[in-house]
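Everything below concerns the one structure shown next.
Every chain is numbered from 1 and lettered A, B, ... according to where its sequence line falls, protein lines coming before strand lines.
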Protein chains: 2
Amino acid sequence: MSVDEQRRPARVKRLPREVRERQILDAAVRVFSQHGYHNASMDEISDVAGVSKPMIYAYLGHKEDLFAACIRREASLLMDAIASGVRAESPPDMQLWHGLRAFFEFVASQRESWKVLHRQATSQGGPFSEELLAMRSRAINLVDALLVRSATSRGLGETATKATEALAAALVGAGESLADWWLDHPDVPEKVVASWLMNLVWMGLGDLVDGAVWTPTPEAAPE
Amino acid sequence: MSVDEQRRPARVKRLPREVRERQILDAAVRVFSQHGYHNASMDEISDVAGVSKPMIYAYLGHKEDLFAACIRREASLLMDAIASGVRAESPPDMQLWHGLRAFFEFVASQRESWKVLHRQATSQGGPFSEELLAMRSRAINLVDALLVRSATSRGLGETATKATEALAAALVGAGESLADWWLDHPDVPEKVVASWLMNLVWMGLGDLVDGAVWTPTPEAAPE
DNA sequence: CCCGTAGCCTACTCGCGAGTAGGTAAAACG
DNA sequence: CGTTTTACCTACTCGCGAGTAGGCTACGGG
């Protein structure tokens, strides 16, 4: 084989635009998750994607647009994963349990995705922080609605909106923090981590230090 | 008064180095909290501090060093505030309660400080993320030790280290997330927000949706 | 087979901001 | 009062990386 043929071709094989966009997004998620928005370079994303920078600009726009597209895609995947895990007709503790399970399963299998979504969660300004806030608001609203339904179905007057919203924000924060902790302790099984969080937020520490434990109620379909 | 005298003097009044350092740090905390590390400029910090850039470089070092110094100072203030609120001889629920109170009081009174500490919590690399991680680890260890003491004082075998450490991480995350929520809802009294978090993590949602509520035990010194 | 379209590239510009060269001068000391 | 020390400044350099000018060519359709 001649020297010329041994080199990477000067041009890559042509692909339909949507296929190439997906490849670029895959590369961008990887680089943004490793380095964060500011420290990631368009040159590096280009290298990882295997296309030139003008291609990226033509298809996905400027760096901010590219990052927003990443957030949008990964947030959608996460919300889909959670929504597919929860059944509306289950008791509230089991709904929360399944939501947490789906969340931690997503974190385990989509670590880069999670890093992009969460690492930039408190980043300053720009369209991507709005995307992240929107995603987080959806998560908080999901939990808020669950708490309100739980409280009203037990015959209690509707709890103040702010209280359940605040509790939902705290719960989402606990989940995020525990997910980060878990990435540093991957030896702990996913179900165990989800169970710890469930026990904390459902049972509470008061009951936990007394030795009481929450466990999932058996369901018809074994897991 | 002539035009020249109306202008800001070309040189500011000389001050001892330590006084000037404090002024520079105050300015830096403000600018970093508003814009984040990358979007904050040394020019803007210089403007806010009222000294030239060479002064900042001479006293605090490069941008990263300056930011690390900010984190170190604000983290120390936060940990001092929490440590001063907690009494080791109190029952564990009251220790946690006082720690949360001190934390939210700090957030309320030092909003810029909190933003610098928390906004950059997931930033990529560099000395400042190590400072933040160290601070966060101290907070997690504080809660972890409380949980371990609680469990062992109730006659239970020492809970697995990982479980309490994971729960502590979740609790710290819940506190951070709730603090951010509260900055957007400043009309809610500090004591109420602390009480909501206390109820979530001590009582648990299971008891809360049943209408049970945790309240602080009365103490000798009224608050 | 030729032409047009869309996928794709290299080499380069330009603006931004961290950081510094080269100096001034206020204040303290002898 | 002169000298020294330390606080302080303006004007500037330089590197980096986002983004683009100007073009090539693979492939499909007529």
Side-chain angles (χ1 to χ4, degrees), chain A residues 4-5 7-28 31-32 34-70 120 123-128, chain B residues 4-5 7-28 31-32 34-70 120 123-128:
Chain A
D4 289 324
E5 284 171 354
R7 289 194 186 112
R8 184 166 86 88
R11 281 175 179 273
V12 295
K13 181 172 179 290
R14 289 164 70 111
L15 286 172
R17 177 178 170 140
E18 66 205 20
V19 176
R20 190 65 81 187
E21 281 192 20
R22 207 174 306 137
Q23 288 181 346
I24 294 172
L25 282 175
D26 288 347
V31 176
F32 282 134
Q34 284 166 357
H35 302 292
Y37 176 75
H38 286 279
N39 293 332
S41 72
M42 298 297 279
D43 279 316
E44 185 172 355
I45 294 169
S46 160
D47 284 342
V48 172
V51 298
S52 64
K53 285 196 293 180
M55 280 289 290
I56 301 178
Y57 287 100
Y59 283 178
L60 281 306
H62 294 209
K63 191 178 186 184
E64 280 196 2
D65 306 315
L66 174 61
F67 188 79
C70 289
Q120 304 299 329
S123 280
Q124 175 63 28
F128 48 81
Chain B
D4 288 324
E5 285 171 353
R7 288 192 187 113
R8 183 167 85 88
R11 283 176 176 270
V12 296
K13 183 172 178 295
R14 288 167 70 107
L15 286 174
R17 178 179 170 137
E18 65 205 22
V19 175
R20 192 64 81 186
E21 280 191 20
R22 209 173 305 137
Q23 287 180 347
I24 293 171
L25 282 174
D26 288 345
V31 176
F32 283 132
Q34 284 166 358
H35 303 289
Y37 175 74
H38 285 280
N39 293 331
S41 71
M42 297 297 280
D43 279 317
E44 186 172 355
I45 294 169
S46 162
D47 285 342
V48 172
V51 297
S52 64
K53 285 196 292 177
M55 280 290 289
I56 300 178
Y57 287 101
Y59 283 0
L60 280 306
H62 293 209
K63 191 178 184 184
E64 280 195 5
D65 306 314
L66 175 60
F67 188 79
C70 290
Q120 303 300 328
S123 279
Q124 175 65 27
F128 48 79

Open item on the list: Rounded to whole Å, please give me the gap between NE2 in B:H38 and C1' in C:dC16.
Closed with: 15 Å
Open item on the list: Is there a side-chain contact between B:V31 and B:D47 in this structure, where contact means two heavy atoms from C-beta onward sitting under 4.5 Å apart?
Closed with: no
Open item on the list: What's B:K53 touching, base or sugar-phosphate or nothing? Going by heavy atoms closer than 4.0 Å.
Closed with: base
Open item on the list: If you assign each of A:A40 and B:Y59 to its closest nucleotide in DNA chain D, which residue comes earlier from the 5' end?
Closed with: B:Y59
Open item on the list: Side chain of B:K63 only, heavy atoms from C-beta on: which candidate in C:dT10, D:dA7, C:dA18 is closest?
Closed with: C:dA18
- [ ] Go through D:dG19, C:dA21, C:dC8 for me and flag the one nearest to the A:V12 side chain.
- [x] C:dC8
- [ ] Report yes if a side-chain nitrogen or oxygen of B:H62 is closer than 4.0 Å to either non-bridging phosphate oxygen (OP1 or OP2) of C:dG19; otherwise report no.
- [x] yes
Open item on the list: Angle between ring planes, A:F67 versus A:Y37, binned at 30° and 60°: parallel, tilted or perpendicular?
Closed with: perpendicular
Task: Atom-to-atom span, CD of B:E44 to C1' of C:dA18 - whole angstrom - done: 15 Å
TODO: Mind calculating the distance between CE (B:M55) and P (C:dA26) to the nearest angstrom?
DONE: 15 Å
- [ ] Looking at every strand, decide which applies to A:S52 at a 4.0 Å heavy-atom threshold: base, sugar-phosphate, or nothing.
- [x] base
TODO: Round to a whole Å and report the spacing from CD of A:E64 to P of D:dA18.
DONE: 12 Å
Task: Separation of atom OH in A:Y57 from atom C1' in C:dT10, rounded to whole Å - done: 15 Å
- [ ] For B:I24 and D:dA7, give me the distance from atom CD1 to atom C1', rounded to whole Å.
- [x] 11 Å
Open item on the list: Just so I know, are the side chains of B:N39 and B:Q34 near enough to count as touching, which here means a heavy-atom distance under 4.5 Å?
Closed with: no
Open item on the list: Is there a side-chain contact between B:Q23 and B:R20 in this structure, where contact means two heavy atoms from C-beta onward sitting under 4.5 Å apart?
Closed with: yes
Open item on the list: Does any part of the side chain of B:D65, heavy atoms only, come nearer than 4.5 Å to the side chain of B:H62, both counted from C-beta?
Closed with: yes
Task: C:dC8 phosphate, OP1 or OP2, under 4.0 Å from A:R20 side-chain N/O - done: yes
Open item on the list: Assuming nearest nucleotide by heavy-atom distance, tell me which of B:K13 and B:D43 is located more 5' along DNA chain C.
Closed with: B:D43
TODO: Report the distance from atom CG of B:N39 to atom P of C:dA18, rounded to the nearest whole Å.
DONE: 11 Å
TODO: Remember a base hit wins even if backbone is also touched, and classify B:M42 as base, sugar-phosphate or nothing at under 4.0 Å, heavy atoms.
DONE: sugar-phosphate
Task: d(CD1, B:I56; C1', D:dC9) in whole Å - done: 13 Å
Task: Side-chain-base donor-acceptor pair under 3.5 Å for B:R14 and C:dA27 - done: no
